[in-house]
**Student:** 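Mind having a look at this structure? Questions to follow.
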Number of protein chains: 2
Amino acid sequence: MAKIRRAVSEEDKASRRQDILAAAKSVFAENGYHATTIADIARAAGLSYGSIYWYYESKEALFLELMSAEAGALRERIAEAAASAATGATAATTTTAGQPPSPGAEAPFRAAVRATIEFYDADRDLVKLLFRDAFALGESFEEHLARIQGLFVDDTERLVIGLQRQGVMQPGPSRVVAFAITSLIGQLAHRRLVTDDGLSAETLSDFLVDLLLHGLLVQPRSAPA
Amino acid sequence: MAKIRRAVSEEDKASRRQDILAAAKSVFAENGYHATTIADIARAAGLSYGSIYWYYESKEALFLELMSAEAGALRERIAEAAASAATGATAATTTTAGQPPSPGAEAPFRAAVRATIEFYDADRDLVKLLFRDAFALGESFEEHLARIQGLFVDDTERLVIGLQRQGVMQPGPSRVVAFAITSLIGQLAHRRLVTDDGLSAETLSDFLVDLLLHGLLVQPRSAPA
DNA sequence: CCTTGTTGACTGACGCATCAGTCTAGGAAC
DNA sequence: GTTCCTAGACTGATGCGTCAGTCAACAAGG
């Protein structure tokens, strides 16, 4: 195997830990947790099998540290964007055409969403790690699940298009809208498993539909804040 | 092991297949795909190891069939609800674009969302199967990931509460709102990996923010009925 | 500058457990 | 007796984690 320089100084070692983490990230993102082996990570890092264990306790510990580090970086970026939007709030002019001028209070929110999407865009592996979805199960599962979920999106899209045709709903990318709706429902349903927020199915679905149809703001027309 | 009655008739066999599927559903939902073994399923079904292979080709085939069956049942239920809401409301559906929005146009949508949430509520295992999330990785991972995602929700919730305090955003369960926002962003980001819808980060985040703030309808807000 | 000793980063074969899938004996139904 | 289902022992493959050994880097002594 290609020999690598031995890490001697503390900086060397820290950097090697980082290298391993980076290698692990790409491999985990590609194959999912179960399908990646320590050998894969070692290969990607240009190290031998055993060396991984010199730096990390176990496969699990490596994975957990990776997740934490990545999430931390993302949160930091978001906080930055929100903060800088808040300070330069009144001068913010990135409103969308057709929408009423947003009060300055929205600016950090807009900035945070934007920063998140951009961060994800720039780092596809991160998305896979944080929203690992079916990818943890393997290729054929992923396809099968995508197909199944696609059916729900199809159904929803039909409703959306109908509403758009009737002029009730704003024109726009119906597929994306439909996807947003179905995934939002799914995520909230999943959340109910873990967290009991005491909302009945009726309350939750009303909340959801109203959110989707009317949005979260009090008045569509801007009010001075 | 306690012998069970041999399945003789076709109905018997079909019913045994169903039993296995039901057992598999609960075990897969509990432990995730990788962590459940055929032995677990056999035990849950009250059969022996080998019998599972009499009815199913492989673990994978069993899992895929399970997913398809479950998703099919859910879709059927949703379609029913939407259909009955559509007939129950005004039958004006084939209108041309540009007409004033008929009040009943939303009804199928509301009914579909409601039916979905209720279906999920009544079947927690199904939610785990369809939105398998971290659960495919095991208990400790699930907790770790929940904690990490909780941090993002915390951050978002602070923004939401701020907007609510300023009277810009409607009062409501800030935690649920925050969760809806973060998960929606995550899901759309994840979707971008697979499907290239040609939307820039800017377009997408504007779309998202506008959806969340103003909703999808043309008329921003009508008086609550 | 060269030799020798010590440390600890690195290697990779191997032990061991796990588990998907196979095989065959046994027994119920007919 | 024959067919068909059930049981569960068995096999083989896979992969985590270990460990005995190797060797680069550096230090001390000559």
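These numbers come from a predicted model, not from an experiment. Lettering follows sequence order; numbering is per chain, from 1.
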**Student:** Hey, does A/Ser9 reach any base, or is it just sugar-phosphate, or nothing, if we go heavy atoms under 4.0 Å?
**Tutor:** nothing
**Student:** Produce the list of close N/O pairs, under 3.5 Å, pairing protein atoms with atoms of nucleotides 28-30 of chain C; give distances to one decimal.
**Tutor:**
| from | atom 1 | to | atom 2 | distance (Å) |
| --- | --- | --- | --- | --- |
| C/dA28 | N3 | B/Arg6 | NH1 | 2.0 |

**Student:** List in numerical order all residues of residues 15-27 of chain B for which some heavy atom is under 4.0 Å away from an atom belonging to DNA chain C.
**Tutor:**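 The stretch gives none, as no residue of it lies under 4.0 Å from the strand.
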**Student:** Closer than 4.0 Å, any side-chain N/O of B/Trp54 to the OP1 or OP2 of D/dT6?
**Tutor:** no
**Student:** Do B/Arg110 and A/Asp210 have side chains that get closer than 4.5 Å, going by heavy atoms?
**Tutor:**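 When only atoms from C-beta onward are counted, A/Asp210 and B/Arg110 do touch, with a gap below 4.5 Å.
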**Student:** Please list, chain by chain and in numerical order, all residues satisfying side chain to side chain donor-acceptor pair (under 3.5 Å) with A/Glu76, sequence neighbours excluded.
**Tutor:** none
**Student:** Below 4.0 angstrom from OP1 or OP2 of D/dT6, is there any side-chain N or O of B/Ser48?
**Tutor:**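 Answer no for this pair, as no side-chain N or O of B/Ser48 is under 4.0 Å from OP1 or OP2.
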**Student:** Just the rounded figure in Å: distance from P of D/dA25 to CG of A/Asp12.
**Tutor:**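 From A/Asp12 CG to D/dA25 P: 10 Å.
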**Student:** So, does A/Tyr56 get its side chain near the phosphate of D/dG17, meaning an N or O under 4.0 Å from OP1 or OP2?
**Tutor:** no
**Student:** Rounded to whole angstrom units, what separation is found between the CD1 atom of B/Ile52 and the P atom of C/dA20?
**Tutor:**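 That distance rounds to 11 Å.
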**Student:** Between B/Ser51 (side chain only) and B/Leu47 (backbone N and O only), is there a donor and an acceptor less than 3.5 Å apart?
**Tutor:** no
**Student:** Provide, to the nearest angstrom, the distance between the NE2 atom belonging to A/His34 and the P atom belonging to D/dT14.
**Tutor:**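 Going from NE2 in A/His34 over to P in D/dT14 covers 18 Å.
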**Student:** Consider only side-chain N and O atoms of A/Ser84 and A/Thr87, and report whether a donor and an acceptor are under 3.5 Å apart.
**Tutor:**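 Side-chain D/A pair, A/Ser84 to A/Thr87: absent.
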**Student:** Which whole-number value in Å describes the distance from A/Ile41 CD1 to D/dG15 P?
**Tutor:** 12 Å
**Student:** How long is the line joining CD of A/Glu10 and P of C/dG8, in whole Å?
**Tutor:**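 Nearest whole value for this atom pair: 11 Å.
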**Student:** Take atom CG of A/Leu47 and atom P of D/dT22, then tell me their distance rounded to the nearest Å.
**Tutor:**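 In whole Å, D/dT22 P and A/Leu47 CG are 20 Å from each other.
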**Student:** Please classify the nucleic acid contact of A/Ser51 as base, sugar-phosphate, or nothing, using heavy-atom distances under 4.0 Å.
**Tutor:**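 The answer is base, as A/Ser51 lies within the cut-off (heavy atoms under 4.0 Å) of a base atom.
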**Student:** If the condition is ring-ring contact (aromatic ring centres under 6.0 Å, His included), which residues does A/Phe63 pass it with, not counting sequence neighbours?
**Tutor:**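 Once residues adjacent in sequence are excluded, the partners of A/Phe63 under the ring-ring contact (aromatic ring centres under 6.0 Å, His included) criterion are A/Phe28, A/Tyr33, B/Phe141.
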**Student:** Any chance the side chains of B/Asp40 and B/Thr37 put a donor and an acceptor closer than 3.5 Å?
**Tutor:**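 Present: a donor and an acceptor within the cut-off.
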**Student:** Between A/Glu30 (side chain) and A/Thr36 (backbone), is there a donor-acceptor pair under 3.5 Å?
**Tutor:** no
**Student:** Indicate the atoms forming the closest heavy-atom contact of B/Ala112 with B/Ile78, along with that distance.
**Tutor:**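 Closest approach of B/Ala112 to B/Ile78: CB-CG2, 3.8 Å.
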**Student:** Each nucleotide N or O in nucleotides 21-23 of chain C that has a protein N or O under 3.5 Å away: list the pair and distance.
**Tutor:**
| from | atom 1 | to | atom 2 | distance (Å) |
| --- | --- | --- | --- | --- |
| C/dG21 | OP2 | B/Tyr53 | OH | 3.2 |
| C/dG21 | OP2 | B/Lys59 | N | 3.1 |
| C/dG21 | N7 | B/Tyr49 | OH | 2.4 |

**Student:** Any pair with a residue in residues 59-71 of chain A that passes side chain to side chain donor-acceptor pair (under 3.5 Å), sequence neighbours left out, goes on the list, sorted by first then second residue, please.
**Tutor:**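 Pairs touching residues 59-71 of chain A that pass the test: A/Arg17-A/Glu65, A/Lys25-A/Glu70, A/Glu60-B/Ser140, A/Ser68-B/His144.
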**Student:** Within the structure provided, determine whether A/Ile117 and B/Leu208 are in side-chain contact (heavy-atom separation under 4.5 Å).
**Tutor:** yes
**Student:** For the residue pair B/Ser183 and A/Leu188, establish whether any side-chain heavy-atom pair is separated by less than 4.5 Å.
**Tutor:** no
